[in-house]
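A quick write-up on the structure given underneath.
Numbers restart at 1 for each chain; the letters A, B, ... are given by sequence-line order, proteins then strands. Here the structure is a predicted model, which means the values were calculated and not measured. These values consider heavy atoms only, across backbone and side chains, with no hydrogens, waters or symmetry-generated copies.
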Number of protein chains: 2
Amino acid sequence: MTQTGKANGGSDDRPQYVRIGDQLRDRIARGDYAVGALLPTEGELCEEFKISRHTVREALRLLTDAGLIQRRQGSGSRVLAAQPHQNYVHAMRSLDQLFLYASDTRFVIRDMSVAVPEPTLFPEIGGDGAEWLIVRGLRLERDEDIPICDSTVMVNAAYAGIADVLAEGSGAIYRLIEDRYGIEVLEVVQDITVSPITAQAAKSLGKKKDDAAVQVRRRYLGTDGSVILASVNHHPTDRFSYTMHLRREGAKRSWV
Amino acid sequence: MTQTGKANGGSDDRPQYVRIGDQLRDRIARGDYAVGALLPTEGELCEEFKISRHTVREALRLLTDAGLIQRRQGSGSRVLAAQPHQNYVHAMRSLDQLFLYASDTRFVIRDMSVAVPEPTLFPEIGGDGAEWLIVRGLRLERDEDIPICDSTVMVNAAYAGIADVLAEGSGAIYRLIEDRYGIEVLEVVQDITVSPITAQAAKSLGKKKDDAAVQVRRRYLGTDGSVILASVNHHPTDRFSYTMHLRREGAKRSWV
DNA sequence: CAGTGGTCTAGACCACCCC
DNA sequence: GGGTGGTCTAGACCACTGA
């Protein structure tokens, strides 16, 4: 099955090379081009689809990136797999599950301001001199006083209007923005590293100044690629654990 | 610093778009194009380098793939970072590259035995008294002597036959098992924590006894839910970085 | 609206693989 | 040597962004 929806009744305004790529993908999945065999040459595909070589090559690039074929100068394009072997997928039903500590947390705000973020903290967003709504605080387990992490959240100024409801501090901030502004977070880029703890985080989390902390940074990207919200969280190393399930799509599992 | 060696005395037979890409990468690294700023337009780059637009676009594609810039129709190419992640990175850009990393590394075996695993190391598999093929070693970058992590791999006794090919040590072990036994890894469960470094890992990685390490544990599950292979890796904290992209399906991205 | 990147064409020469 | 994919040019039109 092709990923991209063909559900729109008839018209398909995607670029040609994407459509051609899809067709080739289907043929491979059906076995028209067997695993281990060679695809038609670029020239043959140009003829069949009546398109230029450049467009054929873009289509084949899609398959290459998906790991379905392997191309070699001089010999041709060989089919590596009938299904994208790449289909390991985060078994996350929604972005909510990014928050490992379930929804049972609350956010206590320490301070909130509109300013230009420290570029050292988040080089990807601090660079252009734009102002962001910066919120610093502590995330706690809902009914406990145990801190989960020290948190700095930077909200794109376009959505700074949510400041007034943040104090109530329940749920994920990105969700509040989605609801209020009718936009959608399309992608989240997250990275995990170990860093020296910041003075503030050490104080909040009851740690010593020289302790290490786990730093989790996230950027929430909208459909246009702009950063809606970014966050930097510092977790005490002794209470940090990140678990994820990656599963291959398409196969069935015989257990539960 | 550009990866690719310019050490060959003067002549550089790499394609133009690779050389141009390198130059642009250098400029970004030097700060000529600041993080957050826009790159020159495609047209300007065509003029400067006296090349066609297609070649410029191929060069920019390299930077995009490296995560250095973000391109958006209508607005331009923005610099995201001055350096590609210099640390060892699991970059799960296509939601699978968790596994790809193994192909650029080599595994040096320290010792190998068949025994009952320490239950403290991996409670999920050590409990029932079954024996596993246990392999301890070090994972290195392919052509470097820099260690990535100290690694303990436990192979289900049913697949212990791969022991003889492990010494060659290239690629991911789970893949060797898939090929040899005609089975498939359906799901991987992975968790990341910070733990005190083990004596052995400290020695291998050149760390002090009291240092912390990032512990990454994985279980590779087959279609029947059985554990095919499990691994525990200890990374030095200063060289560990884990990046992942989580994307909502269905929507269209207007950026790269 | 002007300017950007995204797509596409038609052609060319080259490096490489295999016969 | 004949055919493959890899690189590159010169041009065109379109979709999107932002002032």
Query raised in the report: Quick one: is D:dC8 close enough that its OP1 or OP2 comes under 4.0 Å of any side-chain N or O from B:Tyr17?
Result: no
Query raised in the report: Between A:Asn156 (side chain) and A:Val227 (backbone), is there a donor-acceptor pair under 3.5 Å?
Result: yes
Query raised in the report: So what does B:Ile51 hit on the nucleic acid, given a heavy-atom distance under 4.0 Å: a base, only sugar-phosphate, or nothing?
Result: sugar-phosphate
Query raised in the report: B:Arg239 side chain to B:Pro147 main-chain N or O, any donor-acceptor pair under 3.5 Å?
Result: yes
Requested in this report: Look at the aromatic rings of A:Tyr181 and A:Tyr159 and report parallel, tilted or perpendicular, splitting at 30° and 60°.
Outcome: perpendicular
Query raised in the report: Should the pair B:Arg27-B:Glu48 be classified as a salt bridge under the 4.0 Å nitrogen-to-oxygen rule?
Result: yes
Report summary line: From CG of B:Leu45 across to P of D:dC8 the rounded distance in Å is 15 Å
Query raised in the report: Near B:Glu47 CD, under 6.0 Å, is it more than 12 heavy atoms from other residues, nucleotides or ligands?
Result: no
Query raised in the report: Expressed in angstrom and rounded to an integer, what is the separation of A:Arg53 atom CZ from C:dC14 atom P?
Result: 14 Å
Every protein N/O lying under 3.5 Å from an N/O of nucleotides 15-19 of chain C:
| residue | atom | partner | partner atom | Å |
| --- | --- | --- | --- | --- |
| C:dA15 | N3 | A:Gln73 | OE1 | 2.7 |

**Report entry** Short N-O contact, A:Asp22 and A:Arg19, less than 4.0 angstrom
**Finding:** no
Query - A:Thr41 side chain, from C-beta outward: closest of C:dT7, D:dT4, C:dG5 - result: D:dT4
Report summary line: In short, the helix from C:dC1-D:dG18 to C:dC18-D:dG1 is bent end to end, axes from five pairs each side, to 10°, by 20°
Query - Interatomic spacing from OH in A:Tyr174 to CD1 in A:Ile228 - rounded to 0.5 Å - result: 10.5 Å
Requested in this report: Indicate whether OP1 or OP2 belonging to D:dT9 is found under 4.0 Å from a side-chain N or O atom of B:Thr55.
Outcome: yes
Report summary line: Between the CG atom in B:Leu138 and the OG atom in B:Ser151, the distance rounded to the nearest 0.5 Å is 8.5 Å
Requested in this report: Check the distance between D:dT9's P and B:Arg57's CZ and give it to me in whole angstrom.
Outcome: 14 Å
Query raised in the report: When the distance from CZ of B:Arg71 to P of C:dG3 is rounded to whole Å, what number comes out?
Result: 18 Å
Report task. Over all heavy atoms of both residues, which pair between A:Leu60 and A:Ile69 is shortest? Give the atoms and the distance, please. Result -> O-CD1, 3.8 Å
Requested in this report: Counting heavy atoms from C-beta on, name the nucleotide in D:dC8, D:dG6, C:dG5 closest to the side chain of B:Glu42.
Outcome: C:dG5
Query raised in the report: In whole Å, what is the span from the CD1 atom of A:Ile69 to the P atom of D:dT4?
Result: 15 Å
**Report entry** With A:Ser52 via side-chain contact (heavy atoms from CB on, under 4.5 Å) - residues at least two apart
**Finding:** A:His54, A:Thr55
Query - Whole-Å distance separating the CD atom of B:Glu47 from the P atom of D:dA10 - result: 13 Å
Query raised in the report: Roughly, in whole Å, what's the span from CG in B:Asp13 to C1' in C:dC14?
Result: 13 Å
Query - B:Arg78 CZ to C:dG5 P, straight-line distance once rounded to whole Å - result: 11 Å
Requested in this report: Could you please name the option among D:dT9, C:dC8, C:dC13 that lies closest to any side-chain atom of A:Gln16?
Outcome: C:dC8
Report summary line: Ranking C:dT9, C:dT7, D:dT9 by distance to the side chain of B:His54, first place goes to D:dT9
